[in-house]
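The structure under discussion appears below in the form of C-alpha cells.
Everything numeric in this text was worked out from a predicted model, so none of it was measured.
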Amino acid sequence: FISSAEASTVQISAIERPALFALMNEYLIVLQQRNDQDDSHAIIALNRRIKELSSRLYSAFLRPVEANVRPGTTLFIVLPSDFPLIPLHALQKEGLGWMYAIELFSFRYLPYVEALTLSGARMNTSPAVVTFGNRGGTSWDVEYELRNIGGFFKDVRQYFNANATVDQLRRTSGDTLHAALDI
C-alpha cells in the first residue's frame, strides 16, 4: 500500500505468501551463515546467494512501488506481525551497480500504522550531555569525535584522557552519555 499527500494506491507483488515466507526465511538463514563463516570460498558462495535472494526480495517488496515514489522518498515500513523481520533497506536492486534500497529511499520502520499519528513529548530544555573518552593506543581521534558531538548541544561536559577516569564518571550525571573508548 502506498499513501501520500497526493494519492493512495495498492500494488500487488507477483509472489504468493508461502513462497515469500520461504524466501524471507532463507535470506535470514543465509545471512546468519555468512556471518558465522570463516572460509573465504564459502563466503564468496554465500555472498552470491545473498545477492540473489536480496534481488528477489527487492522485486517482491520494493519494485511494485518504484513507479509511484521518487528516489529519496521516505518509506514508512509496517510489516505484518507474522512476517520475519528482514532489513528492507539492505535489499539490493539487480542491474547496473546492484544498488542497495537505502541508496534509493529513506526507510522508517514502524510497529503499526497508527504509530504515524503518535506525537512524542517534546523536551523544553536541551539535554545534559556528557562525553567521556580515552584515546588508548590507536591513532583514532577520540577527542575530535567527542568535540564534534559536543557541537550539537550547549553546556556539554567533556572529559578526555587523564580526566576520563572511572571516579570522574561516578561523580558526573547527565541525560546522555557518549563514551568513546579504545579498550
What heavy-atom pair brings [X] and [Y] nearest, and what distance separates the two atoms?
X    : Y    : value
P111 : V78  : O-CG1, 4.2 Å
T165 : A162 : CG2-O, 3.3 Å
L79  : P84  : CD1-O, 4.1 Å
A101 : L62  : CB-CD1, 3.6 Å
P64  : S59  : CD-O, 3.2 Å

Between [X] and [Y], is there a donor-acceptor pair closer than 3.5 Å when you use the side chain of the first and the backbone of the second?
X   : Y   : result
Q92 : M99 : no
S55 : K51 : no
Q37 : D39 : yes

Separation of [Y] [atom2] from [X] [atom1] (nearest 0.5 Å):
X    : Y    : atom1 : atom2 : result
F61  : I15  : CZ    : CD1   : 8.5 Å
N163 : L169 : CG    : CG    : 13.0 Å
S54  : N47  : OG    : CG    : 11.5 Å

Please test D167 against R171 for side chain to side chain contact (heavy atoms under 4.5 Å, CB included), starting from the C-alpha separation and ending with a verdict. CA-CA 6 Å; D167 287 337; R171 291 190 305 267; 3.6 Å; yes

Could you list the donor-acceptor pairs under 3.5 angstrom formed by side chains in residues 24-32, with sequence neighbours left out?
| unit_1 | atom_1 | unit_2 | atom_2 | d |
| --- | --- | --- | --- | --- |
| N25 | ND2 | F21 | O | 3.1 |
| E26 | OE1 | R49 | NH2 | 3.1 |
| E26 | OE2 | R49 | NE | 3.0 |
| E26 | OE2 | R49 | NH2 | 2.8 |
| Q32 | NE2 | D36 | OD1 | 3.0 |
| Q32 | NE2 | D36 | OD2 | 3.1 |

T131 and Y159: CA distance, side-chain angles, deciding distance, side chain to side chain contact (heavy atoms under 4.5 Å, CB included) verdict: CA-CA 6 Å; T131 64; Y159 303 98; over 6 Å; no

Can you check side chain to side chain contact (heavy atoms under 4.5 Å, CB included) on L75 and V69, steps first, answer last? CA-CA 9 Å; L75 303 178; V69 293; 4.3 Å; yes

Are the side chains of [X] and [Y] in touch, meaning some heavy atoms are under 4.5 Å apart?
X   : Y    : result
I86 : L57  : yes
R34 : I50  : yes
I77 : L110 : no

Would you tabulate the side-chain donor-acceptor contacts of residues 102-109 under 3.5 Å, counting partners in other chains and residues two or more places apart, or write 'none'?
| unit_1 | atom_1 | unit_2 | atom_2 | d |
| --- | --- | --- | --- | --- |
| E103 | OE1 | Y100 | N | 2.7 |
| Y109 | OH | L88 | N | 3.0 |
| Y109 | OH | H89 | N | 3.0 |
| Y109 | OH | H89 | ND1 | 2.8 |

What salt bridge (Lys or Arg N to Asp or Glu O under 4.0 Å) pairs are there with at least one residue in residues 73-98, not counting sequence neighbours? R17-D82, E66-K93

